[in-house]
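Beneath this line is the structure, given in structure tokens, with notes to follow.
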Amino acid sequence: MFEWGKNLLTGLLILLLLVGIAASFVWFEWENIAPTPKPAGYQAVFKGTKIADKQLSYLYKALPIQTAQQNSRPLFLHFFSPDCPCSRFNLDHLKSLVRRYGDRIDFVALLWHDPQNPISDPKRYDFAQTYGIDIPTLADPEGTIAKAVGAYATPQAALLTNEGTLYFRGNYNLSRYCTSRETRFAEQALVALLEGKNPPDFGKWATEAYGCPLEPLSAIQ
């Protein structure tokens with residue numbers, strides 16, 4: 001009888017543990033598929049908006065190209081946070097985009113940077129050294145570039161034409177693992193831009209951000 005009761009208690013503990021793990025997984029999934037709340041005072045930025053010259057100059061200075069070649073290729077802006085699981089899941093997809101299209105478009109990784117918080121210095125997360133993705137990493141002080149293109153979550157992408165206008169801003173994929181080929185919004189927009197087509201209209205699934213809010217990095221040790 002004692003042995004039976006002991007086995008029952010062990011079984012109940014294992015069941016509770018499994019239920020807890022399942023509940024945590026469901027909560028994590030729900031948290032990451034729910035739309036990201038827009039920040040207070042958020043201003044939408046529409047396709048065709050011209051990005052300020054000061055901000056464009058800041059982006060182009062990070063690129064390994066000569067002055068005479070500036071503005072000759074479109075820009076792909078990748079908004080990233082190492083704190084965000086969705087951003088980390090997206091790295092393999094980003095790497096494939098850089099490998100396939102990096103000879104025709106310039107990629108830049110942008111990290112929200114709080115000048116008062118040394119931990120948020122993007123040098124700690126240099127994409128070439130940290131993730132093996134050979135693209136420049138830039139600080140985005142107080143989210144200046146993000147606000148200019150209307151980005152407020154990560155992972156998000158923004159595409160700028162070589163005239164410096166916003167072509168696309170939105171999600172990479174409906175799946176946070178980027179496994180849904182039909183909803184590879186950022187890649188489809190990139191291809192359309194390179195082919196000289198008008199910006200695609202994917203609807204809210206592409207433009208309504210989900211993932212982690214763009215904000216200063218937490219104190220990663």
Side-chain angles (χ1 to χ4, degrees), residues 45 47 49 51 55-82 84 86-113 121-141 143-173 176-178 183-197 199-200 202 206-207 209 211-212 214:
V45 181
K47 288 181 286 189
T49 299
I51 307 305
Q55 293 159 349
L56 288 173
S57 177
Y58 177 69
L59 292 168
Y60 277 112
K61 283 180 180 178
L63 301 177
I65 56 178
Q66 301 299 319
T67 304
Q69 295 176 302
Q70 289 186 2
N71 300 333
S72 64
R73 303 205 305 185
L75 281 176
F76 187 108
L77 308 183
H78 172 67
F79 294 94
F80 177 81
S81 170
C84 179
C86 294
S87 272
R88 296 196 297 271
F89 294 144
N90 187 60
L91 285 170
D92 285 343
H93 181 57
L94 175 67
K95 184 179 291 187
S96 74
L97 294 181
V98 174
R99 183 173 62 250
R100 294 176 65 183
Y101 305 105
D103 61 336
R104 290 178 284 167
I105 192 166
D106 290 310
F107 288 78
V108 179
L110 289 154
L111 281 77
W112 183 296
H113 176 51
D121 188 341
K123 291 178 183 177
R124 291 168 57 97
Y125 310 102
D126 180 271
F127 261 63
Q129 295 184 21
T130 310
Y131 305 109
I133 304 175
D134 191 18
I135 61 176
T137 307
L138 275 182
D140 188 11
T144 304
I145 304 297
K147 292 172 186 173
V149 299
Y152 59 92
T154 175
Q156 284 263 290
L159 282 166
L160 306 182
T161 67
N162 54 4
E163 289 84 20
T165 61
L166 181 64
Y167 183 86
F168 169 83
R169 190 280 305 164
N171 303 316
Y172 279 87
N173 202 289
R176 56 193 175 87
Y177 294 99
C178 293
T183 62
R184 289 181 177 176
F185 304 120
E187 182 173 7
Q188 291 177 43
L190 187 162
V191 171
L193 174 59
L194 292 175
E195 292 178 349
K197 297 179 180 178
F202 299 115
T207 56
C212 307
L214 273 173

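Remember, predicted model here, so these are calculated numbers, not experimental data. The figures that follow rest on heavy atoms only: side chains count, while hydrogens, waters and symmetry mates do not.
Closest approach of N90 and P155 over heavy atoms only: ND2-CB, 3.9 Å. Considering all non-hydrogen atoms of both residues, A62 and P136 come closest at O-CB, 3.5 Å. When all heavy atoms are compared, the tightest approach of Y152 to G150 is CD2-O, 3.6 Å. The minimum heavy-atom distance linking D103 with R73 is given by the pair O-NH1, 2.6 Å. Between I133 and L91, the closest heavy-atom pair is CD1-O, 3.8 Å. A pairwise comparison of heavy atoms in A209 and Q156 identifies CB-NE2, 3.8 Å as the closest pair.
By the side chain to side chain donor-acceptor pair (under 3.5 Å) test, T207 is found to be paired with no residue, residues two or more places apart in sequence or in another chain being considered.
Not one N or O on the side chain of R169 forms a donor-acceptor pair closer than 3.5 Å with the backbone of A146. Under the 3.5 Å distance criterion, the side-chain polar atoms of T130 are matched with a main-chain donor or acceptor of D126. T137 places no side-chain N or O within 3.5 Å of a backbone atom of A109 that could act as its donor or acceptor partner. Between the side chain of N162 and the backbone N or O of P74, no donor-acceptor pair lies under 3.5 Å. The closest donor-acceptor contact from the side chain of R88 to the backbone of P82 lies under 3.5 Å.
Applying the salt bridge (charged side-chain N to carboxylate O under 4.0 Å, His left out) test to residues at least two apart or on different chains, none of the pairs has a partner in residues 146-162.
For F80 and Y125, the gap between ring centers reaches or exceeds 6.0 Å.
Between T161 and L166 there is no side-chain heavy-atom pair separated by less than 4.5 Å. Side chains of L159 and L75 form no contact here, defined as non-hydrogen atoms less than 4.5 Å apart. In this structure, the side chains of Y167 and P199 come closer than 4.5 Å at one or more pairs of heavy atoms. You'll find the side chain of T144 stays beyond 4.5 Å of the side chain of Y58, heavy atoms only. At least one side-chain heavy atom of F185 sits less than 4.5 Å from a side-chain heavy atom of F168. Between L63 and V108 the shortest side-chain heavy-atom distance falls below 4.5 Å.
Counted by atom type alone, T154 and S87 present one or more donor-acceptor pairs between their side chains at under 3.5 Å. Side-chain contact of E187 with Y172: a donor-acceptor pair under 3.5 Å is absent, judged by distance alone. Counted by atom type alone, E163 and T165 present zero donor-acceptor pairs between their side chains at under 3.5 Å.
Separating the CZ atom in R100 from the CD1 atom in I105 is a distance of 13.0 Å, to the nearest 0.5 Å.
Cysteines C84 and C212 place their SG atoms closer than 2.5 Å to one another.
Atom CG of D134 has 12 or fewer heavy atoms from other residues, nucleotides or ligands within 6.0 Å.
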